[in-house]
Structures are given as C-alpha cells and as structure tokens.
Amino acid sequence: MGSPHARAVLAALLLEANRLVPISHLVEAVWEQRPPVTADHQIRKIVAALRTGVPGLRDMLVTEGPGYRIVVDDDQLDLIAFGRALDAARRSDTVDGEAAALEAALGLYRGRILPVGRSWVLTSAAAALEDRCLGARERLLELRLAQGRAHEAVAELMPLVAEHPLRESVSALLMTALDRVGRKADALRVYHDLRRQLADQLGLDPSDFVTSRYQRILRNESGSDLSSAAGHGRPTGPSLPAGPPRSLPHGLPDFTGRGTELSRLLSLATADAAGHRAVRIVVVDGMAGSGKTALAVHAAHRLTERYPDGQVFLDLHGFSPHGAPVGPREALGTLLRTVDVPEDRIPVGLADRESLWRVLTSGRRMLLFFDNAASSDQVRPLIPSAPGCLVLVTSRPRLAELDGAATLPLPPLPPAEGLALLRRLLGERRVTAEEEAAGELVALCGRLPLALRIVAARLANRPHWTLGYLAGRLREDATRLDELVVEHRSVRTALGLSYAAVPRRHQDLFRLLGAHPGADFDGHAAAALTGFSPQTAESLLEDLLDARLLVQHTPGRYAFHSLVRALARESAARDPHAARRARHRLLDFYLEAADEAARLVQPRRERLRPAVLRHPPRTTPPLGDAAQALAWFETEQSNLRAALAWAADHGFDVHVVHLSLALTRFLHVRGRAEEESAAHRGAVAAARRLGDPVAEGTVLTDMAASRGAPGRSRGPASQRGPDGGLRPPPDAPDAERPRNCATAGPAWSALCRAGAGALAPDRALGRLA
C-alpha cells in the first residue's frame, strides 16, 4: 500500500465508491492540519503510485473532471456488502430474518475501521461507521432477547458495556437481559453504575428511557418490555399527541414559476376522492433536479389548514448519495414515533407496524409528504386508510403500481420561467445587463432548477464573473457537468443516482447510447449499438424512459435531456474501445438501412454496393415503398449527417462513401442541391483517402448525373418529374435540355481508372461533357 498518505487516499476513495471525489476532498483526507502548497500535485503522485502498486487498481481508479472515481462492483467492497446486509435487515418482516441479515452484516467487521493517524475527514467517517456497527450489534442483541436467547445476549453485552460505559442503550439492554436470566440484583447494579459514571463524567442523570426500564425491573414488569418488539403482542393505549406533528420543511422564499403545475397540484389535492371514501394520493414525478420537492413543499404549506391533525414529512432516500432507500418497516417506525408511540411499543413485523399505523391515523385529517420515493412498494405500506388524509409523493420514476394515485409529471422549466428564476436569484440588474447570455445559461442548464441554482450560486460567489463568461465555460459538452457543482450540490451526482438505480443491463444500454452521435434514436438504432434484438432494445428503452433517463417527444423515438446526454457520453468515454465498436455497429446499420431506402427512392440510379459489413444488423426498419423510404430519410437525416461526420473524423471512409451516396438520393429528390453537392464532395474526399478509383469514379458519375438531371433549378410544381425534380419547359431548345448521363457511368469509371479521377470534380465533369 505504500505510505500512510496512500492508505488515506485509498480509504477516502473507497468511502465514496463509484462517486466522484474532488482532489480538494482527498487533500483534506490526507493532511490533519494545514496542507502543503504542493498538496494537489502530491495527491496526483499518490494516485499514480496506487495505480501501479495495487493489482487491478489501474482499471478501477479513473480520472474524472476535478478528481477521481474508484469503480467497484457490489461484491468487491465490504462497506457496500455491509450496507446491503443492513438494508436486508430493515426490509425483513420476521425476527429470525432480520437477525440473520444483521449477523451477516456484523460478520464483515474485523477490527478498527480506516487508517491510524487520520485527518478529521477520516476520523468523522470512522466514527460514523463505528456507530453503524454498534447500532447493528444493539439491534441484533435486542432481537436475541426477543428470540428467548437471553444468556447469549448477556455474554455479548457485558464486554460491550465495559467498552462503552456511557452508552445508555447498551446498559438498558444488559439490564433487561440480566433480569431475563434471573439476575435482578446484577441488573439493578448496572443501572447504578451507569448513573454514577454519568454524574461523575458528564454531570447528567440517566435518561427517562433507562430509568423507566429500571423501575419496571423493580416492579417485576420487565418481562413485557420486548414482547411487542418480538411481534408477540400488539401495543395498546398509544394515541396521537396532544400537539399534532408539523414537520414540513421550510418553503423556498425564492420559489419562482410553476404556476400551471402548482394550480394542477392544488386541484388534484383538493379534489373529491370518490366522495371522501378514499385517501387522496398525488404523485409528482420528474427527472433529477426538476424541482419536485420544492413544488410539493410549496403546495403543502398552502394546504396545512385543511389538515388540522398534522403534517408529516418523511424523506425516503430513494435516490440519495448518503445511504440506501428507507424500507417500509423502517419508515413506519419513524412515522409511529412521529405520533408519539414509545420505542419499546413499536412492533418489529412490517404487517404489525402497518396495522398500528392505520389504526392510529383512522378518523384523522393528516397531510403526509413522502419525498424521494424509489418505487411503489416503498410507499404503499405507508398509506393510511383514513379518507380524510392527503398523501403527497415525489419520485423520479413513474409509480405505475401505486393504484388510485393521481400523477403530475414535472418537465424542465419553460425558458421564460428559467430566466425569471435567474432574475430572482441574481437580481434584476445583473440579468438585464446580459439578457442574451442569461438566456443561453438557461438553455445550457437544460432548464433544470437544480442546475440554475448552482449556476446562480457560483455567480453570486464570483461577482467579477460575467454571465457570458460562465456560459462560455458551459458550452463544452465534455466539461459541462464539471462546472455544475457547488459545495455538495452536483448535477452529475443527482443524475448519476438515477443511473445507479437501474439494473446492470439497463446501465450497459445507457452507456452505449452515449456513443450515439445523433440527437435521437429508435429501437433499431439502439439494437445496433448494443447487439440486442430490436424488441429487447425497445423494452429497455421504455424502462429508461420510466426511470427519467430518457425523454420522448415522438412515439417510438427516444432522446436524452442535454445534461443526461453529457452524463451518458462521459460513461461511454470510460470504455473507448466498447464505444468505438458500438459506433461501428451503428454505422453498419445506418449503411444497410440507407442503401435499401435509396434503392426504393431512385431504383434506376447507379449504385455502388456496400462492402461486406463487419457487423450486419439483425433487422432494419421495414420499408415497403418509396414513400416510406423518404419518410425514413426525413426522420433520420440529422442522425445520418452526425454519423457521417463521426465516420469521417475516425477513419471509417468506406462508410462515408456509401452512406453519402445513399443520402444524396433523398437530397436529390427533395431538391436540396447544396446539401447534395456537399455530400458528394465528402464522398469524393473519402474515396480518395481510401485510394479507391472505382469508388471515386462512381461518386463523380453520380455527381454528373445529378448536375445534369432535372431539378437543378426551381420551377412550378406542375413541371415536377416522377423523381420529384423539375422538368424543363416542353419548348426549351435542345441545348438547354439536361443531358441524360446514365450511359456515361461505365465510361467515366474507365476514365477514372486511367487517371482522370485525380482531377478536381469540376474539371473532371468538364472533360466528361
């Protein structure tokens, strides 16, 4: 591993596995006090040494923007395995299942966490991890008591209390365990030892919770302490607190726009839900950073008077960089504590908690706000049965399985509202002075409120920056996400959480879609990129659409939001070989499909049959006639141009020649002479780079036929020929009539072989004439 500094750098990277760690954070993780002037340079040297010194780390430790990211699978890091085991424990609805998951989690613990001699960054991280481990041990010991394994619990709790003498929860567990095995005097002694140490060291008395347990032992009532937690009985008697819970977050004072969506949300929230016979559920969904929570909070504060029995907010952490989603059992525990159910009266089982929650909310008018939900299954057990309640849910994916819910999709801000938000955040004078640059900033931020707030924060902290200067920094796609970061807020992180939440197969598709050079795509193009069948590819595309990683403006066609496209292209760039292979497959697909479409559009024009394709597509779009072929060209023309540009830049000249020839058929029929000439020139240049005189001669022949064919000048529609071009007037002299150059094709090919192909196109055409 090398020096302590190297261990600290690797530890800091692993704590943020699969996430970008800025160099500034690594500097703080290495040096306990003031870092040296060369700290950034030393971090880079340490990373280079780790890549060469640790087997396999070169491919796992990648440079990304202003820092580094270590890419690991779930089974490569004990911290990830620990978190997954804790999540499994939270999701379990049986005592035995939860205990088994906790044992698996704690089995990963081998001693002191993180390197010795740590900075404050690693010290605080180690303390948090140690606390999670200790909390898991406490919960496991509590479950062992519920299972009737008190003797085992005593054996583990006694050294734990000695190690943490001021931790009241551990002492309370030991008191209960000793009492269960008939050692009441020892249980009472534990309480008095705790009280003495708290008084001597902190000047405090034991908490009411520990004192209550002590008094129950004195009264011989402790036998029922954990019965409800074990699921053996249902707590009785708890009721809603005298003061209703009111835990809504504060509303944003600078909330701007969203007037249409706010009116719609308030209308859905106040609508009569089946004659007040059912709870009202409203789901606000949209992509990361679109302002779902801000809108829902703003609406919730306007609805508080309608729900006098309380307004409860709960973050479900469906997409959070700080932990896994909150399971329904854990969420119900939080909700029950919110309405003052004592900790030791909350059942363990999910079904029991769900039942108790419905009992306690029956007949009440409450507003329940569940933020950042990951799935319908996460929300469904939390919904009360009381018809007077309102449930507001925010979510990135569409919660299609949440029956009875009204949905409000939240798109990015309209341009005018995005500009209004910038005015509100930066001030009228600063935005008015650079109105055009402000509009460009709104567009470059994809009209996402999160991105606009980050941009405004950066500009507020840098008063000498102009809006135009920051817009210039954002124009480059490859570095745009690097600019959209301030403190712990990052567009890349927010979008990356959506990507990390989808299954591995969908992630693979997402990365390869980042290799697509065009603006949109369909199932056939996605299939070509990935090698999947079109049916499989379209199914995965629909899933990515539901996950808000794609958008759809036309049925059957998909596209990226501009910032999501930047993330996808970053992902594709991490594996350049896979991206190049995917683009090669895509070029083969476009060439095969365009050649077939060109044959239908102009069957009599000379064709240069494509060379054998290295990756022949499984299928191409079904094109039955010229009309369908023209429609396909209309839809795909921008993608074909983007594919041609990429092919020319990366040495795929065979594709440039053949794809250009196919595209000229469409451009010729549509009468777009300048674009047709440009496509021909690109094909000639590619043929010359290939050193292929036959291909060059065929392209030049096609240019001659095109320049001599009807349709080179505009005229009335009545004079259009069967190929869509324009006929000459019937009384035009023979000298003005276009030549029919179809018979010149073979002759011109022979002329090219003899050396005329080296001539410039205009001179060659003159010689042919």
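Heavy atoms only: backbone and side chains are in, while hydrogens, waters and symmetry mates are out. Note that the numbering runs from 1 along the sequence shown for the chain.
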> Do side-chain atoms of His301 reach the backbone of Ala296 as a donor and acceptor pair under 3.5 angstrom?
Replying inline: no
>> If the threshold is 4.0 Å, N to carboxylate O, is there a salt bridge linking Asp309 and Arg365?
In response: no
> Under 4.5 Å between any side-chain heavy atoms of Leu265 and His298, yes or no?
Replying inline: no
> Step by step, would you call Ser385 with Arg358 a side-chain hydrogen bond (donor to acceptor under 3.5 Å, both in side chains)?
Replying inline: CA-CA 6 Å; Ser385 58; Arg358 289 174 178 170; 5.5 Å; no
>> Does Arg329 form a salt bridge (charged side-chain N to carboxylate O under 4.0 Å, His left out) with Glu354? I'd like the steps, not just the answer.
In response: CA-CA 8 Å; Arg329 194 184 67 82; Glu354 189 175 351; over 6 Å; no
>> Going by salt bridge (Lys or Arg N to Asp or Glu O under 4.0 Å), name the residues that satisfy it together with Glu168, two or more places apart in sequence or in a different chain.
In response: none
>> Around atom CD of Glu305, are there more than 12 heavy atoms from other residues, nucleotides or ligands closer than 6.0 Å?
In response: no
> Measuring from Leu513:CG to Leu544:CG, what's the distance to the nearest 0.5 Å?
Replying inline: 7.0 Å
> Do Pro384 and Val391 come close enough that some side-chain heavy atom pair is under 4.5 Å?
Replying inline: yes
>> side-chain contact (heavy atoms from CB on, under 4.5 Å) for Val442 and Val455? Distances and angles first, verdict last.
In response: CA-CA 9 Å; Val442 172; Val455 161; over 6 Å; no
> Is the backbone N or O of Tyr499 less than 3.5 Å from a side-chain atom of Gln507, with the two atoms forming a donor-acceptor pair by type?
Replying inline: yes
>> Checking Asp543 now: which residues fulfil salt bridge (Lys or Arg N to Asp or Glu O under 4.0 Å) with it, not counting sequence neighbours?
In response: none
> For the side chain of Asp520 and the backbone of Tyr558, is there at least one donor-acceptor N/O pair under 3.5 Å apart?
Replying inline: no
>> Does Leu335 form a side-chain contact (heavy atoms from CB on, under 4.5 Å) with Leu314? I'd like the steps, not just the answer.
In response: CA-CA 8 Å; Leu335 292 173; Leu314 179 61; 4.1 Å; yes
> Can you find a heavy atom in the side chain of Phe82 that is under 4.5 Å from one in the side chain of Cys133?
Replying inline: yes
>> Test of understanding: with salt bridge (Lys or Arg N to Asp or Glu O under 4.0 Å), list the residues that count as partners of Asp285, not counting sequence neighbours.
In response: Arg548
> Is there a side-chain contact between Leu143 and Leu102, using heavy atoms and a 4.5 Å cut-off?
Replying inline: yes
> Going through the checks in order, is the side-chain contact (heavy atoms from CB on, under 4.5 Å) test met by Phe560 and Leu550?
Replying inline: CA-CA 5 Å; Phe560 285 118; Leu550 294 176; 3.4 Å; yes
> To the nearest 0.5 Å, what is the distance between CD (Glu542) and NE2 (His506)?
Replying inline: 10.5 Å
> Roughly how far, to the nearest 0.5 Å, is CG of Leu316 from CG of Leu382?
Replying inline: 6.0 Å
> Under the 3.5 angstrom rule, does the side chain of Thr176 hit a backbone N or O of Ala172 as a donor-acceptor pair?
Replying inline: yes
>> Could you measure the distance from the CZ atom of Arg264 to the CG atom of Leu266? Nearest 0.5 Å is fine.
In response: 11.5 Å
>> For a 4.5 angstrom cut-off between non-hydrogen side-chain atoms, does Ile454 reach Leu452?
In response: no
> Any donor-acceptor pair under 3.5 Å linking the side chain of Ser490 with the backbone of Val486?
Replying inline: no
> Are more than 12 heavy atoms from other residues, nucleotides or ligands located less than 6.0 Å from atom CZ of Arg398?
Replying inline: yes
>> Minimum heavy-atom separation for Arg430 and Trp465, please, with both atom names.
In response: NH2-O, 2.7 Å
> Hey, is Glu483 close enough to Arg480 for a salt bridge, meaning N to O under 4.0 Å?
Replying inline: no
> Are Leu390 and Tyr307 side-chain neighbours, meaning at least one heavy-atom pair lies under 4.5 Å?
Replying inline: yes
> Between Leu563 and Leu444, what is the shortest heavy-atom contact and its length?
Replying inline: CD2-O, 3.7 Å
> With no hydrogens and no angle check, do the side chains of Thr304 and Gln311 hold a donor and an acceptor under 3.5 Å apart?
Replying inline: no
>> Donor-acceptor pair, distance only, cut-off 3.5 Å: does the side chain of Arg557 make one with the backbone of Gly523?
In response: no
>> Test your reading of the model: is there a side-chain donor-acceptor pair from Ser395 to the backbone of Ala374, 3.5 Å cut-off?
In response: no
>> Taking Asp254 first and then Arg424, would you say they form a salt bridge - that is, a charged N and a carboxylate O separated by under 4.0 Å?
In response: no
> Can Arg447 and His561 be said to form a side-chain contact (heavy atoms from CB on, under 4.5 Å), step by step?
Replying inline: CA-CA 10 Å; Arg447 298 182 281 118; His561 180 275; 5.8 Å; no
> Can Glu142 and Arg139 be counted as an ion pair, charged N to O under 4.0 angstrom?
Replying inline: yes
> Can you find a pair of side-chain heavy atoms, one from Ile281 and one from Phe370, that are under 4.5 Å apart?
Replying inline: no
>> For a quick test of reading the model, state the closest non-hydrogen atom pair linking Asp352 to Pro347 and the distance between them.
In response: CB-CB, 3.4 Å
>> Under 4.0 Å between a side-chain nitrogen and a carboxylate oxygen: does that hold for Arg167 and Glu138?
In response: yes
>> With rounding to the nearest 0.5 angstrom, report the SG to CG distance, Cys445 to Leu474.
In response: 6.0 Å
> Do other residues, nucleotides or ligands put more than 12 heavy atoms under 6.0 Å from Arg302 CZ?
Replying inline: no
> Shortest non-hydrogen contact from Pro325 to Gly318?
Replying inline: CG-O, 3.8 Å
> Hey, are Arg423 and Thr432 close enough side-chain-wise for a donor-acceptor pair under 3.5 Å?
Replying inline: yes
>> Please report the interatomic distance CG(Leu173) to CZ(Arg137), rounded to the nearest 0.5 Å.
In response: 11.5 Å
> Just wondering, do Leu166 and Leu198 contact through their side chains at under 4.5 Å, heavy atoms?
Replying inline: yes
> Would you say the side-chain atoms of Glu417 pair up with the backbone N or O of Arg258, donor to acceptor, closer than 3.5 Å?
Replying inline: yes
> Is there a donor-acceptor pair closer than 3.5 Å between any side-chain N or O of Arg396 and the backbone N or O of Met287?
Replying inline: no
> Considering all heavy atoms of both residues, which atom of Leu448 and which atom of Ala288 are nearest to each other, and what is their separation?
Replying inline: CD1-O, 3.6 Å
> What closest approach, in Å, do Ala438 and Val431 show between heavy atoms, and which atom pair accounts for it?
Replying inline: CB-CG1, 3.8 Å
> Is the side chain of Glu98 donor-acceptor paired with the backbone N or O of Thr94 at a distance under 3.5 Å, no angle test?
Replying inline: no
> Between Phe369 and Phe313, how do the two ring planes meet: parallel, tilted or perpendicular, split at 30° and 60°?
Replying inline: perpendicular
> With a 4.0 Å cut-off, would you call Lys292 and Asp371 a salt bridge?
Replying inline: no
